[in-house]
Colleague: 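Here it is, the structure, as structure tokens.
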Amino acid sequence: MNVNSIVVLKLVLFIYWPWLVNSEGEQNRLLVNMTLVQSASALGAYCLDGSLPAYHLHRGFGAGADNWLLQFEGGGWCNDIKSCLDRSKSNHGSTRYMNKWEVFSGILSNNASFNPDFYNWNRVKIRYCDGASFSGDAKFYNGTSMLYFRGQRIWQAIILDLLPKGLGHAKKAMLSGCSAGGLATFLHCDNFTSFLPKNASVKCLSDAGFFLDERDIALNHTMRSFYEDLITLQGVEPNLNQNCTSTLYYPHLCFFPQYALPYIETPFFILNSAYDVYQFHHILVPPSSDPRRHWDHCKLNVTACDASQLNILQGFRNDMLAALRDFYQNSTRDGMYINSCFTHCQSETQETWFAVGSPRIHNKTIAETVGDWYFSRNISKEIDCAYPCDTTCHHMI
């Protein structure tokens, strides 16, 4: 097979993969309509542009009718007025620009063949429109422009809207999220538990949300500085874990999951790639750290990385595992799945969550490992061997 044929085959697989996963095709994709939270204005809970927050709810059925899965949407952050103004005119800062129908797949699927443990639960996708992982509480007005940094209030408004719809008498519940939404899971996990019945089984899952406090290749704390600006602008610090902020000399560090994690009391599962593409591109090698663009080819294709670059990437993996060492060794209630794929977010995509060709560690898919953990069927702490040993990966680059 020549190079052109391989390229064409890859393109065909990329375009038609959803149909290969679901042989019945496009017509059976689950599309769920948006619900605007009409009561949010009474709480001052607005998206960046002042629009109402929203979620998508697909009702559970059968044995899962009293169980709830809430999934935070991801989508990065904004840490200054310009970036937040730009964001307020997009689908990540306003429900006015969002798709009104969302595809529910992976952990949100209602098909037992694709989501064996959670398919019949009430499943909610919480839309992201504040730019601070649902944690800010401030407002900006300069006489011409208004920005609402009300992520904390949005979270509260959505929970209060869902409680009378059945969440208030949940028997089982899980709070999850991807990327910035995965970070939100760390920030809101215990608060989520506090809303639910005392006898409910409540757990939390973060997908691609374990953002490291790591120096970049120029030895600068680029991500730490970014989060500091975000926390100051959006009034986040009062909403961080108080046990964490009262302990650390720099309270803003509690926005990083590695510092907040020891203070979370609810059982927690961490799903992450040790070579997370977002962190590779924005924490380890942000553009500011590579002005001569030596890393451009490596960022686009990991097979183009030279020995020195691969060594730095292996060092990043080692730092992530070191940050998780206590969590891995000393916790019996928690779970983890740290694979070695160059990817970002794996729970909402069918091919990475649960399919014939899904990523595996010790022959276990992500869905199987999360299910074993939630239902206490088995010890669920999986760490992959270092790149490039895992041949089951779905690499984004």
Side-chain angles (χ1 to χ4, degrees), residues 13-14 16-24 28-30 64 67 69 71 74 103-121 123 125 172 174-179 181-182 185 203-210 267-277 317 320-321 324 327-328 333-397:
L13 286 172
F14 178 80
Y16 289 101
W17 180 253
W19 285 266
L20 296 177
V21 172
N22 181 354
S23 60
E24 297 183 25
N28 278 344
R29 287 197 311 165
L30 176 61
N67 302 333
L69 170 67
Q71 176 93 347
V103 176
F104 273 30
S105 62
I107 197 172
L108 296 175
S109 172
N110 67 334
N111 190 322
S113 298
F114 304 140
N115 187 24
D117 285 308
F118 309 107
Y119 72 98
N120 60 354
W121 288 29
R123 284 150 291 108
K125 184 167 187 177
K172 294 182 174 66
M174 183 160 70
L175 181 67
S176 62
C178 156
S179 191
T185 307
K203 300 186 179 184
C204 300
L205 160 68
S206 171
D207 176 11
F210 196 76
F268 210 99
F269 190 100
I270 296 175
L271 165 60
N272 228 93
S273 167
Y275 307 95
D276 182 276
V277 170
R317 172 183 180 268
M320 179 174 289
L321 295 181
L324 288 167
F327 182 79
Y328 176 76
R333 63 178 189 176
D334 300 312
M336 62 193 300
Y337 194 99
I338 309 297
N339 60 13
S340 295
C341 309
F342 283 81
T343 188
H344 183 69
C345 289
Q346 301 177 84
S347 63
E348 291 183 9
T349 306
Q350 195 60 57
E351 57 263 34
T352 50
W353 174 248
F354 190 69
V356 173
S358 291
R360 282 167 166 76
I361 302 177
H362 302 136
N363 204 33
K364 290 185 67 174
T365 63
I366 295 168
E368 290 169 322
T369 308
V370 171
D372 283 349
W373 162 75
Y374 186 91
F375 293 99
S376 302
R377 295 190 295 245
N378 206 342
I379 295 173
S380 299
K381 290 184 177 179
E382 303 289 349
I383 298 179
D384 210 353
C385 49
Y387 175 84
C389 74
D390 189 341
T391 58
T392 69
C393 281
H394 292 247
H395 296 300
M396 289 177 63
I397 60 172

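The basis for the numbers below is simple: all heavy atoms, side chains too, and nothing from hydrogens, waters or symmetry mates.
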Colleague: Between CG of L69 and CG of L108, what distance do you get to the nearest 0.5 Å?
Modeller: 6.0 Å
Colleague: Without swapping roles, check the side chain of Y337 against the backbone of K364 for a donor-acceptor pair under 3.5 Å.
Modeller: yes
Colleague: To the nearest 0.5 angstrom, please state how far the CZ atom of F268 sits from the CZ atom of R333.
Modeller: 10.0 Å
Colleague: Is it true that a side-chain atom of N339 and a backbone atom of D384 form a donor plus acceptor pair closer than 3.5 Å?
Modeller: no
Colleague: Between the side chains of R377 and D117, is the shortest nitrogen-to-carboxylate-oxygen separation below 4.0 Å, so that they form an ion pair?
Modeller: yes
Colleague: Please check this pair: side chain of Y387 against backbone of Y275, looking for a donor-acceptor N/O pair closer than 3.5 Å.
Modeller: no
Colleague: Is the shortest heavy-atom distance from the side chain of K172 to the side chain of Y374 under 4.5 Å?
Modeller: yes
Colleague: Once salt bridge (charged side-chain N to carboxylate O under 4.0 Å, His left out) is applied, what residue pairs with a partner in residues 334-343 remain, sequence neighbours excluded?
Modeller: none
Colleague: Kindly indicate, with the supporting measurements, whether the criterion side-chain contact (heavy atoms from CB on, under 4.5 Å) is fulfilled by W353 and I366.
Modeller: CA-CA 6 Å; W353 174 248; I366 295 168; 3.7 Å; yes
Colleague: Heavy atoms, side chains only, cut-off 4.5 Å: are F342 and M396 in contact?
Modeller: no
Colleague: Could I get the full list of ring-ring contact (aromatic ring centres under 6.0 Å, His included) partners for W373, not counting sequence neighbours?
Modeller: F269
Colleague: For F210, which residues count as a ring-ring contact (aromatic ring centres under 6.0 Å, His included) partner, sequence neighbours excluded?
Modeller: none
Colleague: Sort out for me which residue in F354, F375, F118 forms a side chain to side chain contact (heavy atoms under 4.5 Å, CB included) with V370.
Modeller: F118
Colleague: Please step through side-chain contact (heavy atoms from CB on, under 4.5 Å) for the pair C178 and Q71, ending with a clear verdict.
Modeller: CA-CA 8 Å; C178 156; Q71 176 93 347; 4.3 Å; yes
Colleague: Is there a side-chain contact between I383 and R317, using heavy atoms and a 4.5 Å cut-off?
Modeller: yes
Colleague: Using only atom types and a distance under 3.5 Å, with no angle test, would you say the side chain of D390 pairs donor to acceptor with the backbone of C385?
Modeller: no
Colleague: Rounded to the nearest 0.5 Å, how far does OG of S105 lie from CG of N110?
Modeller: 11.0 Å
Colleague: Taking S273 for the side chain and S340 for the main chain, is one N or O donor matched with an acceptor at less than 3.5 Å?
Modeller: no
Colleague: Any chance you could lay out the side-chain contact (heavy atoms from CB on, under 4.5 Å) test for R123 and L30, step after step, and finish with the verdict?
Modeller: CA-CA 12 Å; R123 284 150 291 108; L30 176 61; 3.8 Å; yes
Colleague: How many angstroms lie between NZ in K125 and OG in S176, if you round to the nearest 0.5 Å?
Modeller: 10.5 Å
Colleague: For the backbone of F114 and the side chain of Q350, can you confirm whether one donor and one acceptor N or O come within less than 3.5 Å of each other?
Modeller: yes
Colleague: Taking atom types as modelled and ignoring hydrogens, do the side chains of T343 and H394 form a donor-acceptor contact shorter than 3.5 angstrom?
Modeller: no
Colleague: Taking all non-hydrogen atoms of both residues, which atom of E368 and which atom of N363 are closest, and how far apart?
Modeller: OE1-O, 4.1 Å
Colleague: Could you report the tightest heavy-atom contact between A208 and N272, atom names first, then the distance?
Modeller: CA-OD1, 3.2 Å
Colleague: Measure the spacing between CD of E351 and OG of S358 and express it to the nearest 0.5 Å.
Modeller: 8.0 Å
Colleague: Crowded around L321 CG? As in, over 12 foreign heavy atoms under 6.0 Å?
Modeller: yes
Colleague: Once you round to the nearest 0.5 Å, how far does CE of M174 lie from OG1 of T185?
Modeller: 9.5 Å
Colleague: May I ask you to decide if G182's main-chain N or O and S206's side chain share a donor-acceptor pair within less than 3.5 Å?
Modeller: yes
